Number of protein chains: 2
Amino acid sequence: MADIKPIGKALFLREEELRRGIELMFFAYRDFTGEADSILAEQNMGRAHHRAIYFIGRNPGITVSELLAILKITKQSLSRVLSALVETEYVVQKTGPDDRRQRLLYLTDRGIALESRLTEVQARRFAKAYRDAGMNAVEGFQRVLEGLLDPETQRQVSALGHARKARQNG
Amino acid sequence: MADIKPIGKALFLREEELRRGIELMFFAYRDFTGEADSILAEQNMGRAHHRAIYFIGRNPGITVSELLAILKITKQSLSRVLSALVETEYVVQKTGPDDRRQRLLYLTDRGIALESRLTEVQARRFAKAYRDAGMNAVEGFQRVLEGLLDPETQRQVSALGHARKARQNG
DNA sequence: GATTATTGGTCAACATGGCTGACATAAAAC
DNA sequence: GTTTTATGTCAGCCATGTTGACCAATAATC
C-alpha cells in the first residue's frame, strides 16, 4: 500500500480493480448459492442445513466440535440445525467408540442423496465457469481465494485436505 | 459433462477440484465479509446496510428501483434498511428532477466516510490476495467469478461497468 | 381528461439463522 | 474425587429475508 505511488491513473485503476473484485464476490456468491437455496426451500431447509450436510458428507464420522470449528458458529446454532437433520433422518449420530461423549455424525442414504443433488448443481456451475475460463484461470482463481482467507482458515483448509488424503491412502 | 469419460482417477480428480472450488467459495466469502461485519456491528448495522451503502456510493443518484434490481431483494426489505440509513444520516434522498416519483439516493459525508472505511478493509484483503497470487492469477480469478454468475447478473455487471465509464467520459 | 401504470412507501406477520446466557449431563482426564 | 471436556437444551434477542395487502403521488397513455 505505502509503496505504491498514487500517480493519478495508476491508483485509480488499482482501486477500480479491487472494487471489481469486491463486487464480483458479492454477485458470484449470491448466484452460486441461489440454486441450492431453492432446492433446500422445497424441503423446508436453509443454507445452514446445507453447510452441515455438506461437511458431514465430506467428513463422515466428524464430531460436533470439529464441525463447529469448520463452520465457526455457536453450538446453539448448530444444535438447532443438527436436531432438525436427525429428526428428518438426513443425519445419524453414533456414540464415539473411544470417547463416548462424542457424537460422530454421518449422513443417511437420504442425506447422501440430498447432498449429491445439492453438490451437483453447484459443481455444474463451477464446471461451466472452469470450462469457460480455462484451466489456467482455475489455478489463479483458487490462489486468489486462498489469499482472501484468514490465516487460521487457511491452515484449516489445508489441514482438511491432508486429512482426506490420509484417509484415502491409509 | 457427458463428454468426459469417467476413467477412475480422472473423474475423481475432477470432482475433487469442483468441491475445492465450492469450499473455497464458502470460506473465502465468510472471511471476506467478516471484518466489515465487525465494523458494521459497532454502528448497529448489518450486511444489508453495507450493501446499500456500497452501491449508493458506487452509483450516486441511483433510484430505489435500480438499487432493487442490483440487490435482488424485496422493496420491503430494502425500505427497512434505507429508512434506517436516512434516519441515521448516512444517506439522503432527493426527488428526481425528471420523474418526481423517484428518490435519488446519495451518501452524506458521514456515509462516504463509512463506505470508505468498509471498502478499505475489503480492498486491503483483496490487495493482499492479488499481490500473493500475482496479476496473472487475478485475471483468472475474475474470469471464473464471471462464469459463476447467472446470465442475467452477467449482463447487469457489464452494464454497470459501462455506465460508470460513460459517467467518467461524459 | 380519465384511466392505467409506475415509483415508492407502509403495516403486519412470518421464517431463518446468527447471537448471548444459563444450566444440565455424561464421561474423560488428572 | 475433582475438574475439564463434549454435547445438548431452553429462552430470548436481532438482522434480514419473505408474502400480502394497501396507499399516495406522479407519469404515461387512450
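Proteins come first, then strands; the chains are lettered A, B, ... in the order of their sequence lines, and each starts at number 1. These values consider heavy atoms only, across backbone and side chains, with no hydrogens, waters or symmetry-generated copies. Just so it is clear, the model here is predicted, and its values are computed rather than measured.
The phosphate of D:dG8 (OP1 or OP2) has no side-chain N or O of A:S83 nearer than 4.0 angstrom. At the phosphate of D:dT18, OP1 or OP2 sits under 4.0 Å from a side-chain N or O atom of B:S77. For the pair A:T74 and C:dC19, the criterion of a side-chain N or O lying under 4.0 Å from OP1 or OP2 is met. Checking the phosphate oxygens (OP1, OP2) of D:dT26, a side-chain nitrogen or oxygen of B:R100 falls inside 4.0 Å. Phosphate contact (OP1/OP2 of D:dC14, side-chain N/O of B:R47, threshold under 4.0 Å): absent.
At a threshold of 4.0 angstrom between heavy atoms, the contacts of B:S65 are confined to the sugar-phosphate backbone, with no base atom among them. Nucleic acid contact class of A:H50 (heavy atoms, under 4.0 Å, all strands): none. The residue A:D98 sits close only to the backbone: its heavy atoms come under 4.0 Å of sugar-phosphate atoms, none of a base. The residue A:Q93 sits close only to the backbone: its heavy atoms come under 4.0 Å of sugar-phosphate atoms, none of a base.
Rounded to a whole Å, the CG atom of A:D37 is 17 Å from the P atom of D:dT16. Atom CG in A:L40 sits roughly 12 Å away from atom C1' in C:dT16 (whole-Å rounding). Rounded to whole Å, atom C1' of C:dC19 lies 14 Å from atom CG of B:N44. Counting to the nearest Å, the P atom of D:dT19 and the CG atom of B:L78 are 15 Å from each other. Following rounding to the nearest Å, A:L71 (CG) and C:dC19 (P) show an atom-to-atom distance of 10 Å. Summarising the geometry, the separation between CD on B:Q43 and P on D:dC14 is reported as 18 Å, rounded to the nearest angstrom. Rounding to whole angstrom units, CD of residue B:E87 and P of C:dG9 are separated by 14 Å. Atom CG in B:L68 sits roughly 13 Å away from atom C1' in C:dT6 (whole-Å rounding).
For the residue pair B:Y54/A:E23, the side-chain donor-acceptor check at 3.5 Å is satisfied. Donor-acceptor pairing under 3.5 Å is lacking for the side chains of B:E17 and A:Y130. Residues B:K72 and B:T153 bring a donor and an acceptor atom of their side chains to less than 3.5 Å of each other. In this model, a donor atom of one side chain and an acceptor atom of the other lie less than 3.5 Å apart for A:S77 and A:T74. A donor-acceptor pair shorter than 3.5 Å can be found between the side chains of A:T33 and A:R47.
Taking only side-chain atoms of B:A48, from C-beta outward, the nucleotide of C:dG8, D:dG17, D:dG8 with the closest atom is D:dG17. The nucleotide whose nearest atom lies closest to any side-chain atom of B:R80 is, among D:dT19, C:dC19, D:dT16, D:dT16. In the set C:dA27, D:dT16, D:dG17, D:dG17 carries the atom at the smallest distance from any side-chain atom of B:I73. Listed candidates were D:dT16, D:dA27, D:dT18. Nearest to the side chain of B:D99 is D:dA27.
Side-chain atoms of B:R101 come within donor-acceptor range of the base of C:dT6, with a qualifying N/O pair under 3.5 Å. With hydrogens and angles left out, the side chain of A:Q76 and the base of D:dG8 share no donor-acceptor pair within 3.5 Å.
When the nearest nucleotides of DNA chain C are assigned to A:H49 and A:K75 by heavy-atom distance, the more 5′-ward of the two goes with A:H49.
The pair B:R125-B:E120 does not meet the salt-bridge criterion, since no charged nitrogen lies less than 4.0 angstrom from a carboxylate oxygen.
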